[in-house]
2 protein chains.
Amino acid sequence: MSTPRRMTLKDLARELGVSTATISNAFNRPDQLSPALRERILGEAKRLGYRGPDAKARSLRTGRSRIIAVVLAESLTYSINDAVASELLSGIAEVLDAHGHTLLLLSARQMRSELPGAASMADGYIVYGLMPSQDLLEPLPPQSPLVAVDFDVEGRPSIHVDDEPACYAIARHALSRRARRPAIINLRLTAEPCNGPIGADRRLLSADQTITRSRLSGFYRALAEAGHDPAGVPMWNVEENTFEVCAPVLEALLDLPEDERPDLLLCMSDRIALTALTLAERRGLRVPEDLRLTGFDGIAEGQYRAPRLTTVRQDSVEKGRMAARMILGLIEPRSHTLTTDLWLGDSCP
Amino acid sequence: MSTPRRMTLKDLARELGVSTATISNAFNRPDQLSPALRERILGEAKRLGYRGPDAKARSLRTGRSRIIAVVLAESLTYSINDAVASELLSGIAEVLDAHGHTLLLLSARQMRSELPGAASMADGYIVYGLMPSQDLLEPLPPQSPLVAVDFDVEGRPSIHVDDEPACYAIARHALSRRARRPAIINLRLTAEPCNGPIGADRRLLSADQTITRSRLSGFYRALAEAGHDPAGVPMWNVEENTFEVCAPVLEALLDLPEDERPDLLLCMSDRIALTALTLAERRGLRVPEDLRLTGFDGIAEGQYRAPRLTTVRQDSVEKGRMAARMILGLIEPRSHTLTTDLWLGDSCP
DNA sequence: TTCGCCATCTGGATCGATTCAGTTAGCTCG
DNA sequence: CGAGCTAACTGAATCGATCCAGATGGCGAA
């Protein structure tokens with residue numbers, strides 16, 4: 001006889017001899033009916049195994065699903081297994097949960113012309129770190145709220161940290177002690193994959209990823225100020241902010257003959273810097289004596305290792321909270337730039 | 001004047017002079033109408049800006065939402081920023097996406113008596129690594145499919161790896177070279193938090209987390225076989241599989257006087273072992289000469305560092321794929337145990 | 001010619017709630 | 001006493017699709 005059809009609000013109304021509107025009110029608007037009746041309804045509901053109004057029906061009727069979709073750049077593996085992204089997500093989840101919403105996870109590669117499954121029914125979209133040039137946002141319902149994190153979308157609010165000044169500051173600090181041969185290790189520049197050294201032709205101007213461009217621009221400013229020709233400073237690219245992708249690139253760099261090997265690495269993330277640290281130690285290079293390193297993000301691991309990482313601390317949890325509040329309409333949707341702190345560690349004293 | 005009301009299937013039908021059923025078929029059942037008409041409908045739909053059938057309405061009518069919820073133990077911060085969990089998630093996402101489903105993320109702490117927001121409308125639930133004793137699953141709709149990963153739920157399919165034999169094998173290998181003072185570092189044992197050394201009273205029998213119990217039991221078997229009294233082997237607990245939570249515990253352990261300090265650490269995860277490795281190096285302890293280490297999971301980072309980690313490799317991506325296939329009904333829902341590989345590295349040769 | 005069949009298309013009931021515009025009863029107040 | 005008001009509750013339309021049970025027409029076979 002299969003399943004005995006889930007009990008509906010109407011069944012419960014019939015059972016209790018009241019109208020469906022009253023049942024609905026008992027669940028959603030306590031002030032619309034007498035406490036006594038409400039008690040009786042909720043009690044009977046529990047007794048009869050009615051599990052509350054059906055979410056699918058409610059979302060059709062009200063037009064709201066209580067789902068917020070988070071669109072992550074790249075694959076989920078990459079985006080999720082990353083201290084920064086996971087802090088962002090937990091900040092988002094914290095606020096959503098406190099307001100009865102849930103989080104749908106989408107990766108950029110799912111942004112085909114038609115959104116998969118239920119993605120189109122989200123009440124809003126938080127989009128994290130896409131490349132502006134890839135126009136992946138077209139399939140999103142144009143009317144729904146959208147907040148961009150770490151990049152910009154024309155006409156939409158976005159949340160950033162002060163990447164440029166922060167990178168200027170950390171690079172300035174690093175260059176206050178003379179560097180014979182500084183180098184920049186940067187995160188993905190463009191949609192086109194590229195691991196390894198980058199020629200001057202494919203640099204700042206072509207940088208598509210917003211944070212990469214801002215951070216780079218901060219580094220350049222400090223380098224120029226310190227008397228280096230930014231265009232002449234070696235730059236190496238890593239496609240993904242993971243140990244396994246960074247490692248080969250950094251190994252190639254560290255295996256350069258001593259007179260070509262950089263003595264200062266301005267890294268665009270702590271993950272890169274920590275990978276460099278691990279690989280340097282393995283080669284018997286001393287940090288900071290033989291190699292100085294700066295990071296970005298301020299992830300916990302960087303502060304536990306010896307030497308402690310010199311880095312820029314950003315509060316990704318707060319970034320997530322703010323994005324969520326904005327998408328829920330708890331604060332005015334308007335672009336924000338959060339501040340960061342310079343953490344002087346031992347990797348670049 | 002607000003928004004000019006989203007165009008509906010009915011509007012499109014009127015516009016084209018066909019029935020709504022035909023429009024619906026054009027989108028969902030191409031074989032139910034002539035190719036020519038279908039062409040015309042899809043063309044006109046695009047021209048008029050009709051973005052396809054509304055997901056909310058569809059899910060009410062069909063009873064399916066195309067959403068699969070993944071319930072993660074603990075907070076999202078902890079669960080997500082973990083190589084194993086993120087591999088699991090990406091395996092799940094890969095399969096879901098290929099079949100037009102999307103992934104809703106829930107944390108165990110959201111499992112209150114009423115599921116938040118749209119969580120109750122999921123078509124199925126994949127639950128990861130909860131403690132069986134905390135009965136968090138009660139709020140889930142009892143009829144919907146459920147797959148448990150890394151633990152068991154009465155009467156439901158689950159997916160495991162062969163924790164016990166794998167841990168037996170790696171401990172047996174580790175103990176084949178005489179250990180003066182082995183110790184076990186294990187993941188959370190019970191719902192009640194506990195970081196640090198654990199007395200014999202709160203051990204195997206009280207272990208609530210399924211994988212902890214299985215792994216521990218494998219270690220015990222090998223220890224007993226090697227002539228150690230398992231109950232006498234020091235055991236230290238870490239609450240979370242993160243650098244920042246493991247570090248203080250391991251620091252306390254490594255700072256013991258030399259004659260009390262373990263010379264072999266059987267760790268329940270690579271994260272623990274890698275943290276131990278980092279902290280040991282910082283103290284000038286040589287691995288494996290002064291301290292031997294084994295891990296579990298086979299995460300990438302462990303194979304890049306020197307010394308390479310001796311560990312048990314499990315395929316978490318495949319675990320995720322299998323869970324997703326099961327929940328979508330692509331394979332028979334039945335408990336599975338995946339096999340693992342022993343990877344002999346240099347941390348415990 | 002007539003019958004049956006298939007391909008194609010249609011009408012309308014239905015999914016399970018929410019919500020708005022009432023209705024009723026009880027109470028207050030001049 | 002009766003008008004007016006409010007609190008408490010109701011009936012029915014509605015959200016936007018899906019999908020069953022037909023209706024229609026054209027074509028081939030007997």
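Below, read A as the first sequence line, B as the second, and so on, with proteins coming before strands; counting in each chain starts at 1.
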(message) Can you measure A/Arg58 atom CZ to C/dG16 atom C1' for me and round it to whole angstrom units?
(response) 11 Å
(message) Without decimals, in angstroms, what is the distance between B/Met7 CE and D/dC15 C1'?
(response) 17 Å
(message) I need the single residue from B/Pro333, B/Ser158, B/Pro145 that forms a side-chain contact (heavy atoms from CB on, under 4.5 Å) with B/Met326. Which is it?
(response) B/Pro333
(request) Answer yes or no: does a side-chain N or O of A/Tyr50 lie under 4.0 Å from OP1 or OP2 of C/dG16? (result) no
(message) So that I can tick it off, tell me whether A/Asp315 and A/Arg321 are bridged by a salt bridge, with the cut-off set at under 4.0 angstrom between side-chain N and carboxylate O.
(response) no
(request) Provide, to the nearest angstrom, the distance between the NZ atom belonging to A/Lys10 and the C1' atom belonging to D/dA12. (result) 11 Å
(request) Dump the intermediate steps for salt bridge (charged side-chain N to carboxylate O under 4.0 Å, His left out) on A/Arg325 and A/Glu318, then the final yes or no. (result) CA-CA 10 Å; A/Arg325 288 195 200 106; A/Glu318 186 55 29; 3.5 Å; yes
(message) I'd like to know if the side chain of A/Ser107 and the backbone of A/Leu72 have a donor-acceptor N/O pair within less than 3.5 Å.
(response) no
(message) Nearest whole Å is fine: how far is C/dG16 P from A/Asp11 CG?
(response) 8 Å
(request) Not counting sequence neighbours, which residues clear side chain to side chain contact (heavy atoms under 4.5 Å, CB included) with B/Leu42? List them please. (result) B/Phe27, B/Arg38
(message) Can you work out whether A/Asp31 or B/Leu9 has the more 5'-proximal nearest nucleotide on DNA chain D?
(response) A/Asp31
(message) Side-chain N or O of B/Ser19 versus OP1/OP2 of C/dT10: is the shortest distance under 4.0 Å?
(response) yes
(message) Of the listed nucleotides (C/dG11, C/dA17, D/dC9), which one gets closest to any side-chain atom of A/Leu33?
(response) D/dC9
(message) Pick the closest DNA chain C nucleotide for B/Ala57 and for B/Val18 by heavy atoms, then say which residue is nearer the 5' end.
(response) B/Val18
(request) Starting at atom CZ of A/Arg14, determine the distance to atom P of C/dG16, rounded to an integer number of angstrom. (result) 12 Å
(request) Would you mind building the protein contact string for nucleotides 19-28 of chain D? One character per nucleotide, 5' to 3', B for base within reach (heavy atoms under 4.0 Å), S for sugar-phosphate only, - for untouched. (result) B---------
(request) Answer with base, sugar-phosphate or nothing: what part of the nucleic acid does B/Phe27 contact at a heavy-atom distance below 4.0 Å? (result) nothing
(message) Without decimals, in angstroms, what is the distance between A/Leu12 CG and C/dA17 P?
(response) 9 Å
(request) Indicate whether any N or O donor in one side chain lies under 3.5 Å from an N or O acceptor in the other, for B/Asp11 and B/Thr8. (result) yes
(request) Check every strand shown and say whether B/Leu60 touches a base, only sugar-phosphate, or nothing at a heavy-atom separation below 4.0 Å. (result) base
(request) May I have all residue pairs that pass salt bridge (charged side-chain N to carboxylate O under 4.0 Å, His left out) and include part of residues 139-155 of chain B, sequence neighbours excluded? (result) B/Asp150-B/Lys319
(request) For B/Leu37, answer base if it contacts any base atom (sugar-phosphate contacts may also be present), sugar-phosphate if it contacts only those atoms, and nothing otherwise; contact means non-hydrogen atoms under 4.0 Å. (result) sugar-phosphate
